[in-house]
Amino acid sequence: MRALILNAPGQLVLADLPIPEPEAGEIVIRVMAATTCGTDLKAWRRGHPQIPMPGPFGHEYSGVVTAVGDGAPFRVGDEVMGVHSAPCQACVWCKNDQENLCESIMATKVLGAYAEYLLIPARIAALNVFLKPRELDFSIASLLEPLACVAQGGRELKKAQALRVPAETKVLVIGPGAIGLMFVAALRSEGVTDITLAGRNAERLAIGAGLGATTVPYSELVPSDYDVVIECTGMPEVWERSVQLPRRGGTVMWFGGCASGSTVTLDTGRIHYDQITLLSPFHFGTHAVKQARQWLIADPERFEPIITASRTLEEANAIFEDLQAGNGLKYVIRP
Ligand SMILES: [Zn+2]
Ligand SMILES: [Zn+2]
């Protein structure tokens with residue numbers, strides 16, 4: 001089979017590998033769609049601690065089951081959508097409703113979606129792979145993983161009681177990349193109507209306006225009566241500024257992870273006397289995956305603007321050059 005291997009930053013090569021064979025509980029799928037991700041771009045640019053090099057690449061996928069191991073919960077021919085990790089559901093974090101922090105969630109993750117076939121380990125096949133409705137497009141279905149990250153953010157906001165009455169909640173999203181735009185779409189799916197999207201890229205802001213957000217250039221952003229501010233840039237200066245923007249008693253969710261070792265300086269008066277709640281969720285648990293799947297199935301058209309175009313495996317390096325140059329949000333590779 002043809003598969004993309006990330007040899008070194010900037011060097012994706014097409015390799016010819018044997019088609020994997022499933023063991024007990026595992027499944028193999030023919031990948032029909034695999035979407036690019038901000039994490040992939042980071043790995044392609046400078047390497048990533050969670051993505052070994054040289055190694056298989058790509059983690060957002062949908063496809064058709066072509067082989068199953070003993071006891072696997074699918075049949076050959078099933079159309080499926082899934083994510084690339086699953087919690088153990090036995091460790092202290094899993095038992096504490098923090099599956100996203102499971103001690104082995106990363107150890108068992110699967111990479112290699114930019115290939116004709118993908119082997120999915122038993123734990124993931126059992127917990128975090130689902131039948132895809134036939135009418136749902138494979139490319140929309142492959143958004144399940146990034147949307148599960150967004151759903152985890154939504155879950156943390158609900159736990160913090162920051163999203164109580166959707167129709168009355170006023171939300172600011174900063175950063176109109178794929179994740180910021182998926183937040184706008186997901187908030188709309190949850191019934192939130194008062195959404196402001198701030199950023200610098202006019203084209204991306206226009207997509208946000210199409211999704212129903214009021215848009216504002218980042219330079220013109222001022223504090224307001226926002227109940228919730230969702231930061232999706234991963235830049236320390238934007239993390240700091242976010243704290244200035246919500247109402248008293250409001251919530252800031254730093255969603256974009258900054259480069260490791262980054263530090264920020266915070267206005268303690270805002271945090272204490274104005275009682276700002278700070279959240280910064282990472283990854284996702286099983287509830288979030290189910291929520292994301294519901295959003296995609298309920299209103300697939302809402303998520304279409306997130307996907308820029310379809311490309312082939314051969315175009316891989318050009319895709320990431322485009323993403324690095326700020327051209328396009330998310331490409332779908334059809335291996
Ligand atoms: Zn991703
Ligand atoms: Zn666990």
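Counting starts at 1 for both ligands and their atoms, in listed order. Note that the structure is a prediction, hence the values are computed from the model and not measured. Hydrogens, waters and symmetry mates play no part in the numbers below; they use all other heavy atoms, side chains included.
Asn96 and Gln98 share a donor-acceptor pair across their side chains, judged by distance under 3.5 Å alone. Judged by distance alone, the side chains of Gln11 and Trp44 never bring a donor and an acceptor atom under 3.5 Å apart.
A ring-centre distance under 6.0 Å is not found for Tyr114 and Tyr61.
The existence of a salt bridge linking Arg155 and Asp97 is confirmed by a sub-4.0 Å separation between a basic side-chain nitrogen and an acidic carboxylate oxygen. Comment: Asp40 does not engage Lys330 in a salt bridge, judged by the lack of any side-chain N to carboxylate O separation of less than 4.0 angstrom.
In this structure, the side chains of Val228 and Leu157 come closer than 4.5 Å at one or more pairs of heavy atoms.
With the Zn ion (ligand 2) as the vertex, SG of Cys94 and SG of Cys102 span 100° to the nearest 10°. Here the Zn ion (ligand 2) is the vertex; the SG atom in Cys91 and the SG atom in Cys88 give an angle of 110° (to 10°).
The Zn ion (ligand 1) sits nearest to atom NE2 when only the N, O or S atoms of His59 are considered. Counting just the N/O/S atoms of Glu145, the one with the shortest distance to the Zn ion (ligand 1) is named OE1.
None of the N, O or S atoms belonging to His84 lies under 2.8 Å away from the Zn ion (ligand 1). Glu60 lies close to the Zn ion (ligand 1), since one of its N, O or S atoms is found at a distance under 2.8 Å. With a cut-off of 2.8 Å, the Zn ion (ligand 1) has an N, O or S atom of Cys37 in range.
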